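Quick notes on the structure that follows.
The structure displayed is predicted, hence computed values, not measured ones.
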Amino acid sequence: MIGLVFVSHSRLIAEGVCRLAQQMSGDDVQMAPAGGMAEDETLLGTDAMYIMAAIESVWSDDGVLILVDMGSAVMNAEIALEFLPGEKRNRCTISNAPLVEGAIVAAVHAGLGDTLHDVNVAAEAVLNARKIVRAK
Amino acid sequence: MAQEITLGQLRNWLILYADRVIAKEEELTRLDAAIGDADHGVNMRRGMEKVRERLQDPNNPCPDISALFRTVAMTLISAVGGAAGPLYGTFFLRAATSPNDGTHVDLAQLARMLRFGLDGLKQRGKAHIDDKTMVDAIQPAVEAMEAALASGQSLAVALAVAQQAARLGMEHTIDIRANKGRASYLGDRSIGHQDPGATSAYWLFETAAIVLGSPASPSNTG
């Protein structure tokens with residue numbers, strides 16, 4: 001079963017997303033938040049080493065899907081992957097899915113035992129989901 | 001023999017750059033508040049304080065140029081939460097992998113290091129020239145340095161033209177629209193403001209011209 005990591009500039013957002021996702025999948029899916037800076041929980045920002053530690057903490061050979069908010073979250077997730085050994089790096093994917101909706105969908109599919117690829121496809125499909133259909 | 005830059009001079013350059021960023025934190029904050037999330041000043045100040053502390057630690061000297069650049073990179077990656085951390089971090093990390101003689105570089109090696117850094121930075125940020133980013137200061141500077149090298153100019157001249165090109169590139173960001181980062185959310189309203197990343201990147205070349213363009217004195221031969 002794959003693991004999930006949630007990266008946000010805000011520790012509260014990452015932890016909140018993690019709780020929401022856990023509610024969907026139960027305790028079977030390993031997931032970890034990596035929000036804000038490891039050294040100071042009051043700082044907004046993202047932290048490559050913190051992200052790497054989060055990936056390690058949920059590691060299984062089925063791989064890890066990383067969901068991110070934006071900007072430096074993407075770049076620091078990329079750096080975290082570069083610091084991982086090659087055989088682990090190849091089993092990690094940074095998702096293009098929106099963080100909150102993507103996390104929920106990913107948790108459901110991960111809990112069903114889907115592969116890393118399939119979980120990411122499902123999470124990214126959320127990009128096409130409309131929340132509100134406006135009358136013309 | 002080609003003029004050379006010592007490990008000590010490179011260290012002094014990065015310390016002067018840290019001093020410059022720390023002293024001008026408010027200028028970066030003001031520029032970033034206009035078009036971004038106002039975090040560039042505080043993030044860069046926090047990162048460069050750590051860099052300065054690390055480079056001035058007498059018990060933990062960097063033994064060679066690659067170690068020096070790697071140390072700066074890892075310090076910035078760990079300490080800077082915004083985009084500047086991974087971007088400057090990648091710049092120095094890639095520069096560290098460029099061939100050098102360990103404790104000296106000549107102009108050709110310096111230009112190649114900066115080219116490695118620039119390529120890494122562009123890869124990381126997916127940014128190109130005229131996206132209103134750090135690239136707009138660094139790319140013209142690296143190209144000017146390479147042109148000076150190709151035409152046989154001295155180290156001091158190469159550093160001076162690189163600084164001039166970085167300055168013009170930084171000033172050019174006032175006239176263009178942001179395509180990257182939070183400033184891109186503003187669209188055309190980002191025009192008329194100088195990019196904070198290009199500004200902090202310009203200082204890199206300004207301080208390089210000051211420290212690396214003058215001959216190594218006995219105190220900084222590293």
Atom CZ of A:Arg89: over 12 foreign heavy atoms under 6.0 Å: yes

Check each atom of B:Lys126 against the heavy atoms of chain A and say whether the ones under 4.5 Å are side chain, backbone, both or neither. side chain

If you check every heavy atom in residues 13-46 of chain B against those of chain A, which residues fall under 4.5 Å? B:Arg46

Portion of A:Met75 that has a non-hydrogen atom of chain B nearer than 4.5 angstrom: both

If you tally heavy-atom pairs under 4.5 Å between each of A:Gly45, A:Gly71, A:Ser72 and chain B, the highest tally belongs to A:Ser72

Okay, A:Leu43 and chain B: the region with an atom under 4.5 Å from a heavy atom over there is side chain

Residues in residues 56-91 of chain B that sit under 4.5 Å from chain A, counting heavy atoms only: B:Met74, B:Ile77, B:Ser78, B:Ala79, B:Val80, B:Gly81, B:Gly82, B:Ala83, B:Pro86, B:Leu87, B:Thr90

Do other residues, nucleotides or ligands put more than 12 heavy atoms under 6.0 Å from the CZ atom of B:Arg112? no

Chain B heavy atoms under 4.5 Å from A:Glu78: which part of the residue, side chain, backbone, both or neither? both

